[in-house]
There are 2 protein chains.
Amino acid sequence: MDQKTLTLERIETAPQTLRDIVQTKMRDAIMSGHFAPGERLVERPLCEQLGVSRTVVRETIRYLEAEGLVETISHKGPIVATLNWSQAKQIYDIRRQLESAAAEAAAKASTPAFEADLRAALAQLDEAMRAQDWSVIFAAATAFYERIFAQAGHTVAWEIVQRLNGRISRLRALTLSAKDRSTSGLAHMSAIADAVIRKDPRDARAAVKAHIKEAAKIAQAVLAQEKRND
Amino acid sequence: MDQKTLTLERIETAPQTLRDIVQTKMRDAIMSGHFAPGERLVERPLCEQLGVSRTVVRETIRYLEAEGLVETISHKGPIVATLNWSQAKQIYDIRRQLESAAAEAAAKASTPAFEADLRAALAQLDEAMRAQDWSVIFAAATAFYERIFAQAGHTVAWEIVQRLNGRISRLRALTLSAKDRSTSGLAHMSAIADAVIRKDPRDARAAVKAHIKEAAKIAQAVLAQEKRND
DNA sequence: TGTTGTAATATGGTATACCATCATACAAAT
DNA sequence: ATTTGTATGATGGTATACCATATTACAACA
């Protein structure tokens with residue numbers, strides 16, 4: 001950096017605590033299916049595996065419990081939250097409401113800079129899908145939606161959608177690899193981006209609805225299949 | 001109890017932990033304004049006041065943090081979450097979407113038993129408002145909405161609405177005591193109940209929207225007034 | 001009066017000890 | 001073979017110790 005342009009700014013972020021790190025790891029492990037729904041989260045083995053004390057693990061479990069990723073069951077202790085179709089369906093319904101409202105608002109508030117940003121996000125998603133790396137696809141899809149919610153000013157809704165997506169992330173991973181999609185996820189998101197970029201709130205809503213409808217359908221089939229396999 | 005009808009059933013609920021109790025107390029203290037937005041939640045004084053160890057307080061703070069009632073700020077530690085109008089407005093918007101969807105679904109799924117239940121809930125709310133006891137009113141309003149969400153089958157949305165209401169409970173308390181309501185909260189809820197009982201989904205949606213619209217308007221005025229007083 | 005250095009205090013992060021309760025394994029009795 | 005009693009291990013709940021860092025108070029110096 002050119003010395004003459006060095007600036008001193010306020011330190012806004014604190015260094016990460018062990019708890020921050022463990023929380024992220026545990027959340028990712030649950031969302032990616034490393035810990036299966038219903039699996040017990042026993043403190044001492046987790047401490048040994050992660051190399052931290054029970055305080056850090058317990059505080060992490062409390063937080064994930066409030067996020068809905070962990071349940072504390074009588075006579076069982078903490079387990080990875082399970083999800084049935086009724087709950088999943090409700091989650092898709094809520095997503096449809098919040099995401100379509102955000103897409104509509106983003107279409108109304110679209111700017112050239114935002115449009116370029118959204119195109120870039122879509123290109124990244126395309127690349128991620130070619131690579132077929134699940135976690136990269138997830139990150140790209142999240143970035144895509146984050147931009148839409150931010151442009152819409154729907155930051156609170158985005159927090160909610162992220163939490164809900166955390167709870168169905170296993171389903172999302174399974175629907176992603178499903179071959180029986182009539183329209184790919186990428187095509188759905190392209191349609192959403194197109195409508196937003198064209199400043200067409202009605203089409204943006206419709207595109208989101210179509211996307212969610214198909215994702216929910218595949219998720220239902222996946223859950224039904226699992227039920228047969230049990 | 002008649003000895004001959006004694007039954008032995010499975011024990012479904014575990015005894016309450018200290019953490020459960022403290023969590024409820026802390027949540028109520030925040031929601032009722034005992035702890036003001038921005039106020040620091042310092043561990044050791046809380047431990048002394050509640051007569052518990054730091055483990056219990058820390059785990060409680062982690063949970064409330066995930067609920068959005070507490071924020072951890074750099075160089076400051078945990079504080080009671082603050083709320084600006086932009087956030088409050090978004091919360092009212094989301095409530096409008098989820099509550100109107102629930103009222104619509106409840107109107108479609110209404111039964112005589114449910115209608116009697118809803119009428120009873122409304123009567124309890126009326127009584128609570130006559131008593132002018134804020135916590136009783138809150139409990140009655142919560143029970144009213146809980147029934148609607150349950151009848152609609154929107155249990156996940158209910159969890160979300162409860163969380164959001166927790167974040168704006170201070171505003172709700174202030175709007176409740178506001179005298180400049182053109183229509184009282186009770187009248188709004190009566191309108192909602194009427195529409196649901198008449199099995200009129202459209203009117204149920206409209207009644208919810210009217211209610212939320214007015215509540216949001218008063219909340220905005222309250223926040224604006226607070227800004228002036230700062 | 002303003003600045004700097006330093007000691008004391010406060011605070012959150014993290015580890016660990018202790019305990020009560022529950023689950024499991026196994027022996028003894030029927 | 002089944003039931004019962006008991007010992008052992010596992011587990012979550014809770015308390016407390018220790019530490020590093022940040023904040024505050026105050027003295028010394030210019």
Side-chain angles (χ1 to χ4, degrees), chain A residues 8-27 29-30 35-82, chain B residues 8-27 29-30 35-82:
Chain A
L8 287 178
E9 289 162 8
R10 182 183 176 80
I11 312 294
E12 295 293 350
T13 52
Q16 268 198 319
T17 63
L18 265 186
R19 186 176 69 243
D20 292 328
I21 296 168
V22 168
Q23 215 161 277
T24 300
K25 280 182 179 293
M26 290 285 296
R27 186 182 295 113
I30 289 171
F35 294 123
E39 181 169 350
R40 290 188 69 191
L41 298 171
V42 189
E43 290 177 16
R44 286 178 180 82
L46 285 172
C47 291
E48 284 181 34
Q49 184 172 3
L50 294 161
V52 297
S53 76
R54 283 183 61 214
T55 303
V56 175
V57 166
R58 285 179 65 86
E59 291 188 17
T60 291
I61 286 178
R62 291 292 86 79
Y63 198 96
L64 296 181
E65 191 176 350
E67 280 190 333
L69 294 179
V70 165
E71 293 167 12
T72 298
I73 305 293
S74 293
H75 322 310
K76 234 181 169 183
I79 65 166
V80 176
T82 57
Chain B
L8 287 179
E9 289 162 10
R10 182 183 177 81
I11 312 295
E12 293 293 352
T13 53
Q16 267 199 320
T17 63
L18 264 186
R19 184 176 70 245
D20 292 328
I21 296 168
V22 168
Q23 214 160 276
T24 299
K25 280 182 180 293
M26 290 286 296
R27 185 181 296 112
I30 289 171
F35 293 124
E39 181 169 352
R40 291 188 69 189
L41 299 171
V42 189
E43 289 175 18
R44 287 179 179 81
L46 284 172
C47 291
E48 283 180 32
Q49 184 170 2
L50 295 161
V52 298
S53 76
R54 284 181 62 214
T55 302
V56 175
V57 166
R58 285 178 66 85
E59 292 187 15
T60 291
I61 288 179
R62 292 292 83 82
Y63 198 96
L64 297 180
E65 192 175 351
E67 280 190 336
L69 294 181
V70 165
E71 292 166 11
T72 297
I73 305 293
S74 294
H75 323 310
K76 234 182 169 185
I79 65 166
V80 175
T82 57

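Throughout, a chain's letter reflects where its sequence line sits, starting with A, and its residues are numbered from 1. A quick note: this is a predicted structure, and the numbers were derived from the prediction, not measured. Quick note: numbers below take in every heavy atom, side chains included, and nothing from hydrogens, waters or symmetry partners.
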Quick one, [X] and [Y] - any side-chain contact, counting heavy atoms below 4.5 Å?
X: B:Q23; Y: B:E59; answer: no
X: A:V70; Y: A:V80; answer: no
X: A:R44; Y: A:R54; answer: yes

Return the minimal non-hydrogen interatomic distance between [X] and [Y], and the atom names on each side.
X: A:A81; Y: A:G68; answer: CB-O, 3.4 Å
X: A:L64; Y: A:M26; answer: CD1-CB, 3.6 Å
X: B:R62; Y: A:Y63; answer: O-CD1, 3.4 Å

To the nearest 10 degrees, how far apart in direction are the end axes of the helix from C:dT1-D:dA30 to C:dT30-D:dA1, each fit to five base pairs?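 Both end axes considered, the difference amounts to 0°.
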Kindly compute the distance separating CG (B:L50) from NZ (B:K25), expressed to the nearest 0.5 Å.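 Here the rounded value is 7.5 Å.
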Test item: B:E39 side-chain N/O and B:A36 main-chain N/O as donor-acceptor pair under 3.5 Å: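 Judged by distance alone, yes, a pair lies under 3.5 Å.
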Calculate the interatomic distance between A:I73 atom CD1 and D:dT11 atom P; express it in whole Å.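 Value for this atom pair: 17 Å.
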Using whole Å, report how far CG of A:L46 lies from C1' of D:dA10.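 The distance from CG of A:L46 to C1' of D:dA10 comes to 14 Å, rounded to the nearest Å.
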Report all interatomic pairs (protein N or O, nucleotide N or O of nucleotides 12-20 of chain D) with separations under 3.5 Å.
unit_1 : atom_1 : unit_2 : atom_2 : d
D:dG12 : OP2    : A:E43  : N      : 3.2
D:dG12 : N7     : A:R44  : NH1    : 3.1
D:dG12 : N7     : A:R54  : NH2    : 3.4
D:dG12 : O6     : A:R44  : NH2    : 2.8
D:dG13 : OP1    : B:R19  : NH2    : 3.3
D:dG13 : OP2    : A:R58  : NH1    : 3.2
D:dG13 : OP2    : A:R58  : NH2    : 3.1
D:dG13 : N7     : A:R54  : NH2    : 2.9
D:dG13 : O6     : A:R54  : NH1    : 2.6
D:dT14 : OP1    : B:L18  : N      : 2.7
D:dT14 : OP2    : B:R19  : N      : 3.4
D:dA15 : OP2    : B:S53  : N      : 2.7
D:dA15 : OP2    : B:S53  : OG     : 2.7
D:dA15 : N7     : B:T55  : OG1    : 2.8
D:dA15 : N6     : B:T55  : OG1    : 3.4
D:dA17 : N6     : B:R54  : NH1    : 3.4

